[in-house]
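In what follows, a structure is listed as structure tokens, so that the remarks can point back to it.
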2 protein chains.
Amino acid sequence: MASESFQDNKKYQDLLATGKELFFKHGIKRITIEEICEKAGVSKMTFYKFFRNKEDLGIRILSQINDRILAEQDEIMTQNIPFIDKTRGIINHLIKTHEELADIFLDEMWGSNEDFLIFFNSLKKGSYQMVSNFIAQGQKEGVIRKSLKPEMILYLFDVFQGMLNSERMKEIAPDPHERLDSILNFIFYGIIDSSVKKVNA
Amino acid sequence: MASESFQDNKKYQDLLATGKELFFKHGIKRITIEEICEKAGVSKMTFYKFFRNKEDLGIRILSQINDRILAEQDEIMTQNIPFIDKTRGIINHLIKTHEELADIFLDEMWGSNEDFLIFFNSLKKGSYQMVSNFIAQGQKEGVIRKSLKPEMILYLFDVFQGMLNSERMKEIAPDPHERLDSILNFIFYGIIDSSVKKVNA
DNA sequence: TGTATAATATACTATTATCGTATAAACTTA
DNA sequence: TAAGTTTATACGATAATAGTATATTATACA
């Protein structure tokens, strides 16, 4: 009756871990399914029992990472500390976690496969919800500008996501980490109400 | 009349540099010729003007590296310093230079392609000559055991080369660098006449 | 132990990727 | 302009990979 209970299957997890390792190292397109199976010590048939194809595995890997990151962010956001400290915590966490996503993994997914695009859109919704709550709380506490409309957030997300790997942005900052950092720093530090600094200073 | 004068051709060097970069990162088998051409900004036809195929490029890259390493080693060996210091210099240099050769680059060449095997044998001869001279000089200076016969050297080289990526050795030291280091350290420190230490101490 | 279930190795076809070459257009350079 | 290069494009041949079917082996369980 319990239909999807292979989450805790060892071979499933082995394939997930091996796939993650290889994808992060070389990017999805360079890795073959047989290579993953061989390294994970799992037969190809078992692979297809768990995953539809290579992209499916990629999405599950991303999904797992996303879940973990969201949980960690949630933990930071629900701490009982001043909002400005929470913001710093969030920024640090975002930078740290995104460094984890190897450049090539990001680059090679972007734009190549349609499934990934669809998946990223769903991830975006989750992030939107989270940041939306974060902004609302910040506005309530008077740390974030009240004039920033919630509807603006999704649009900002789209814009920044487009910025991240645009040719123009790549010229400005060839290093993907630098790109991400500068955008994240802008998003968070750029929207902080300067009157807070006065209060603190 | 000067038949092979493309050594200083810019596109030739670009292909060499790009090939080196990509091969070191992902290994030869993961990289396509078109990928190299695209990244180097050179057309495929031009590639085939310079190189017979991917393996040919690989060999030229290795050859270039080998030449540089041999030259550097020769420079160390011809310095006017005590032989024991020279030995340390050689060891440091060997370790440093071999770290440069990415694990995967070594791994994926080994055993896969026949051309590489032939090429490695020719490299071995060069190394043999160099180390042979080194040993002879060391014996003359009384730093290296005189009982070590020159004929032994080539055999040792073969044995250690076989050791390097053997399954047994991989179990002992999964990290290729560690394998190389331990073998190199053994070769050099293991053959040093202990009486020298007494003299210095 | 015998039976049911699951995993694997193997073989196989269809599809896709890559190689290496041919050709004409575009670009250099004298 | 003219001659030699480089490139873009297309192409067939070949090799790699995906995904599936089947028979065999291993595992669990009663």
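Below, read A as the first sequence line, B as the second, and so on, with proteins coming before strands; counting in each chain starts at 1. Please read these numbers as outputs of a predicted model, since none were measured by experiment.
Not one N or O on the side chain of B:Lys44 forms a donor-acceptor pair closer than 3.5 Å with the backbone of B:Glu34. A donor-acceptor contact shorter than 3.5 Å links the side chain of A:Lys54 to the backbone of A:Ile31. A donor-acceptor pair is defined here as one N or O able to donate and one able to accept, closer than 3.5 Å; no such pair exists between the side chain of A:Thr18 and the backbone of A:Leu15. The main-chain N or O of A:Val42 is never found under 3.5 Å from a side-chain atom of A:Lys11 such that the two would form a donor-acceptor pair.
When the side-chain nitrogen and oxygen atoms of A:Thr46 are compared with OP1 and OP2 of C:dT8, one or more of them lie within a distance under 4.0 Å. Taking only side-chain nitrogens and oxygens, B:Lys11 never comes nearer than 4.0 Å to OP1 or OP2 of D:dT5.
A salt bridge links B:Glu72 and B:Arg68; the closest N-O separation between the charged side-chain nitrogens and carboxylate oxygens is under 4.0 Å. A salt bridge is absent between B:Glu35 and B:Arg30: the closest approach of a Lys/Arg side-chain nitrogen to an acidic carboxylate oxygen does not fall below 4.0 angstrom.
Rounded to whole Å, atom P of D:dG19 lies 17 Å from atom CZ of A:Phe50. Between the CD atom of A:Glu34 and the P atom of D:dA16 there is a distance of 12 Å, given to the nearest Å. Following rounding to the nearest Å, B:Ile28 (CD1) and C:dC19 (C1') show an atom-to-atom distance of 16 Å. Straight-line distance from the NZ atom of A:Lys29 to the P atom of D:dT17: 13 Å, rounded to whole Å. One can place NZ of B:Lys10 at 16 Å from C1' of D:dT5, the figure rounded to the nearest angstrom. When the C1' atom of D:dT17 is taken as reference, atom NZ of A:Lys54 falls 9 Å away, rounded to whole Å. Between the CD1 atom of A:Ile33 and the C1' atom of C:dT16 there is a distance of 13 Å, given to the nearest Å. Rounded to whole Å, the distance from CZ on A:Arg30 to P on C:dA17 is 14 Å.
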Open item on the list: One pair to check against side-chain contact (heavy atoms from CB on, under 4.5 Å): A:Lys25 and B:His26. What are the steps and the verdict?
Closed with: CA-CA 8 Å; A:Lys25 205 169 191 174; B:His26 300 292; over 6 Å; no

- [ ] Quick one: do A:Tyr12 and A:Thr46 satisfy side-chain contact (heavy atoms from CB on, under 4.5 Å)? Show the steps, please.
- [x] CA-CA 9 Å; A:Tyr12 177 86; A:Thr46 309; over 6 Å; no

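Considering all non-hydrogen atoms of both residues, A:Ile81 and A:Lys86 come closest at O-CE, 3.4 Å. Between A:Phe50 and A:Asp56, the shortest heavy-atom distance links the atoms O-OD2, 4.2 Å.
Residue A:Ser63 is tested with A:Ile65, A:Asp67, A:Asn66, A:Ile61 for a side-chain contact (heavy atoms from CB on, under 4.5 Å); the sole match is A:Asp67.
Where the helix from C:dT1-D:dA30 to C:dA30-D:dT1 starts and where it ends, the local axes point in directions that differ by 50°; five pairs per end, rounded to 10°.
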Report all interatomic pairs (protein N or O, nucleotide N or O of nucleotides 4-6 of chain C) with separations under 3.5 Å.
none

Task: Nucleotide-resolved protein contact map, nucleotides 21-28 of chain C, B/S/- at heavy-atom distance under 4.0 Å - done: BB------

